[in-house]
Amino acid sequence: MKTIGLIGGMAWPSSQQYHEIINTGVNERLGGNHSAELVLVSVDFEVVEKLQHKGRWEELTDTMIKLAQRLEKAGADCVIICTNTMHKMADQVQAAVPIPLLHIADATAEMIQKLGFKKIGLLGTKFTMEEDFYKGRLEQKYGLEVLTPHEADRNIVHEIIYDELCLNQIKVESRQEYRRIMQDMIDRGAEGIILGCTEIMLLVNQTDSGVPVFDTTRIHADKAVEFALSDMKS
């Protein structure tokens with residue numbers, strides 16, 4: 001079994017989900033008392049969040065590179081960044097370590113392509129919904145047409161993530177807002193919805209949408225399991 005390296009804490013509720021999904025996935029495949037071989041480094045998200053909103057991405061890139069290098073030195077065979085937004089510096093992180101970085105957007109887009117969808121809705125932080133590192137990657141590398149909420153709704157989605165979900169706070173009224181925003185994208189032609197922040201799966205799931213939802217947390221964690229077990233005999 002290969003060792004999975006996780007960069008977590010952005011925020012901790014979704015890192016907890018990664019840990020559970022990965023270990024459950026390994027156990028379901030191997031049975032018995034099997035669990036995943038993991039190396040985890042976790043950050044203080046208060047520091048990260050402040051740097052994000054101040055636009056100090058170079059400092060964050062340096063931090064992410066150092067974390068990935070720590071994982072590699074600790075014996076990890078791959079790097080998993082347990083957040084969509086911090087894939088903003090995924091290319092720089094990959095260039096700094098010899099082990100593969102499993103990109104969350106690639107794993108998600110590959111699943112969407114298998115289903116033949118072309119027009120997809122995207123929820124996430126404003127960074128993820130508005131910048132090319134994620135939305136542009138889906139469009140340019142995978143040929144998807146990506147819909148995002150209107151500006152006022154993007155602000156709502158973003159604020160709920162940082163002010164509630166990252167603190168593990170789940171509110172009924174916020175779920176209703178997400179349902180409304182998802183329905184608006186469906187009305188505009190979205191064939192599916194990407195839950196493009198790893199905390200969103202704490203608030204909404206398939207039962208909240210009339211079209212397929214793509215839970216990036218689960219998709220990414222499942223990709224890690226696939227990688228970890230790829231060298232084992234069936």
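Predicted model, so just to flag it, every value in this text is computed and none were measured.
Each salt bridge (charged side-chain N to carboxylate O under 4.0 Å, His left out) pair with one or both residues in residues 185-207, not counting sequence neighbours, appears once here: Asp184-Arg188. Annotation: salt bridge (charged side-chain N to carboxylate O under 4.0 Å, His left out) contacts involving residues 4-16, sequence neighbours excluded, are absent. Applying the ring-ring contact (aromatic ring centres under 6.0 Å, His included) test to pairs two or more places apart or on separate chains, those with a residue in residues 89-125 are His87-His103. Residues in residues 105-122 take part in these salt bridge (charged side-chain N to carboxylate O under 4.0 Å, His left out) pairs, two or more places apart or across chains: Asp106-Arg137, Asp106-Lys141, Glu110-Lys223, Lys119-Glu145. Within the structure, salt bridge (charged side-chain N to carboxylate O under 4.0 Å, His left out) pairs that include any residue of residues 31-47 comprise Glu46-Lys50 (at least two apart or interchain).
Below 30°, between 30° and 60°, or above 60°: for His158 and His53 the angle between ring planes is above 60°, a perpendicular geometry.
Residues satisfying the salt bridge (charged side-chain N to carboxylate O under 4.0 Å, His left out) criterion with Glu59, sequence neighbours excluded, are Arg56. Under the salt bridge (charged side-chain N to carboxylate O under 4.0 Å, His left out) criterion, Arg154 pairs with Glu130, sequence neighbours left out. Residues satisfying the salt bridge (charged side-chain N to carboxylate O under 4.0 Å, His left out) test with Arg70, not counting sequence neighbours, are none. In this view, Tyr18 and His220 satisfy the ring-ring contact (aromatic ring centres under 6.0 Å, His included) rule, not counting sequence neighbours. Take Trp57 and apply the ring-ring contact (aromatic ring centres under 6.0 Å, His included) test, not counting sequence neighbours, and it matches Phe127. Judged as a side-chain hydrogen bond (donor to acceptor under 3.5 Å, both in side chains), and not counting sequence neighbours, the contacts of Asn155 are Lys126. Judged as a salt bridge (charged side-chain N to carboxylate O under 4.0 Å, His left out), and not counting sequence neighbours, the contacts of Arg179 are Asp208.
Counted by atom type alone, Thr216 and Asn84 present one or more donor-acceptor pairs between their side chains at under 3.5 Å. A side-chain N or O of Thr128 and one of Thr85 form a donor-acceptor pair less than 3.5 Å apart.
In Gln169, the CD atom is crowded: over 12 heavy atoms of neighbouring residues, nucleotides or ligands sit closer than 6.0 Å.
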